[in-house]
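Written out below as structure tokens is the structure these notes cover.
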Number of protein chains: 2
Amino acid sequence: MKKPCHCAQHSHQKQELASLTTRLRREDRKITGPRAAILEILRQHSHPLTTKEIFAELPKGECDLVTIYRAMQLLEKLGMVKRFDFGDGAARFELVEEGDDGHHHHLICTQCAQVVEIEECFPPEIERRIAQQNGYRAVTHRLEFFGVCPDCQRLK
Amino acid sequence: MKKPCHCAQHSHQKQELASLTTRLRREDRKITGPRAAILEILRQHSHPLTTKEIFAELPKGECDLVTIYRAMQLLEKLGMVKRFDFGDGAARFELVEEGDDGHHHHLICTQCAQVVEIEECFPPEIERRIAQQNGYRAVTHRLEFFGVCPDCQRLK
DNA sequence: TTGTAATTGCAAATGATTTGCAATTAATTA
DNA sequence: TAATTAATTGCAAATCATTTGCAATTACAA
Ligand SMILES: [Mn+2]
Ligand SMILES: [Mn+2]
Ligand SMILES: [Zn+2]
Ligand SMILES: [Zn+2]
């Protein structure tokens, strides 16, 4: 049996798993094998995953693809994951910290699909102006960047 | 037979239609009934249209839905239309002026889907910084705004 | 342990888009 | 103007991601 590790990094992760299951139970949801496994996989990745990428990482037979689709719908509704759209027809999901809305953007390589998490956001003042000029309320945006990553430039 | 009209507006449209067919022929493409009809519909709209919106506007029996899908693929490849993704599963297309790449954005009402064409773009200097910091080249972006339009605010 | 609502698997349905293929046609060419 | 041919089209069927119906299973509160 492994000794439990209490370093900052791992205690953070443990914390997270507990808080995730708590969030589910708070909504009268059950912690099931498939859900725990899905959350675990999402926790191990810093970039958004497609439904079938999650499926592929799951020990074979752990659960049906449909179950993942249903889980992602639920988790999104509960605000536990954020859905992203890279424009290739498959939705991607990323875990969201409690209390956060998960809004952020990515830079995706058009050749190998490598993903970089982006800190920058569309300037709020410009967005406010756009909303105001058109009389729209509660305006937000979807934004993703595309380009050629360093590796793919080399292979040119 | 109707007399030809030479007012600014119509001559502009004629010009455009001619230039559109020219662009096609330049690539050894044929000007067919369906294509002319599709281009004509696109010319009459200032917002992007889905394939089935185009289909619906076409005189019934004018052409098959598949033909529109194929036409949009061709027109996109030739740079005559720009494809947009509002995240609802259906691609939208807008005519692009010759020599232009059609890059721009929209503000979409999340309740009634009303669309506003947006002039603003993501600040180039910030995009340049994002590209540089990550070693990416040829970086561009996809960006759409979402909010509640004036009409839908009233109906609240 | 029991009761019950939540969850799951499996098959089938959807909806958008693509593909195969034989018949049709626009645009040359003779 | 008629013959020639590559491009185009219609129709059916195939794909792909995602959703839905339903009966069997299960988490978990009492
Ligand atoms: Mn991310
Ligand atoms: Mn537009
Ligand atoms: Zn943003
Ligand atoms: Zn832009």
To the nearest Å, how far apart are [X] [atom1] and [N] [atom2]?
X: A:Glu27; N: D:dC28; atom1: CD; atom2: C1'; value: 17 Å
X: B:Asp88; N: C:dA16; atom1: CG; atom2: P; value: 9 Å
X: A:Asp85; N: D:dA17; atom1: CG; atom2: P; value: 13 Å
X: B:Ile68; N: C:dT18; atom1: CD1; atom2: C1'; value: 15 Å

Handout entry: Donor on one side chain, acceptor on other, B:Glu53 and B:His45, under 3.5 Å
Key = no
Practice task
Would you kindly say whether A:His106 and A:Glu117 are connected by a side-chain donor-acceptor distance under 3.5 Å?
Solution key: yes
Practice task
Summarise protein proximity over nucleotides 3-11 of chain D in one line of letters, 5' to 3': B for base, S for sugar-phosphate only, - for none, counting protein heavy atoms closer than 4.0 Å.
Solution key: ---BBSBBB
Using atom types as modelled and distance alone, determine if a side-chain donor or acceptor of [X] lies under 3.5 Å from a backbone N or O of [Y].
X: A:Asp101; Y: A:His103; value: yes
X: B:Arg35; Y: B:Lys30; value: yes
X: A:Gln153; Y: A:Val148; value: yes

Handout entry: Check: A:His141 and B:His105 side chains under 4.5 Å, non-hydrogen atoms
Key = no
Handout entry: Upstream residue (5' side of DNA chain D) when A:Gly89 and A:Arg25 are each assigned their closest nucleotide
Key = A:Gly89
Problem - Phosphate-side-chain proximity, B:Gln73 and C:dT18, N/O vs OP1/OP2 below 4.0 Å - result: yes
Problem - Any B:Tyr69 side-chain nitrogen or oxygen under 4.0 Å from OP1 or OP2 of C:dT18 - result: no
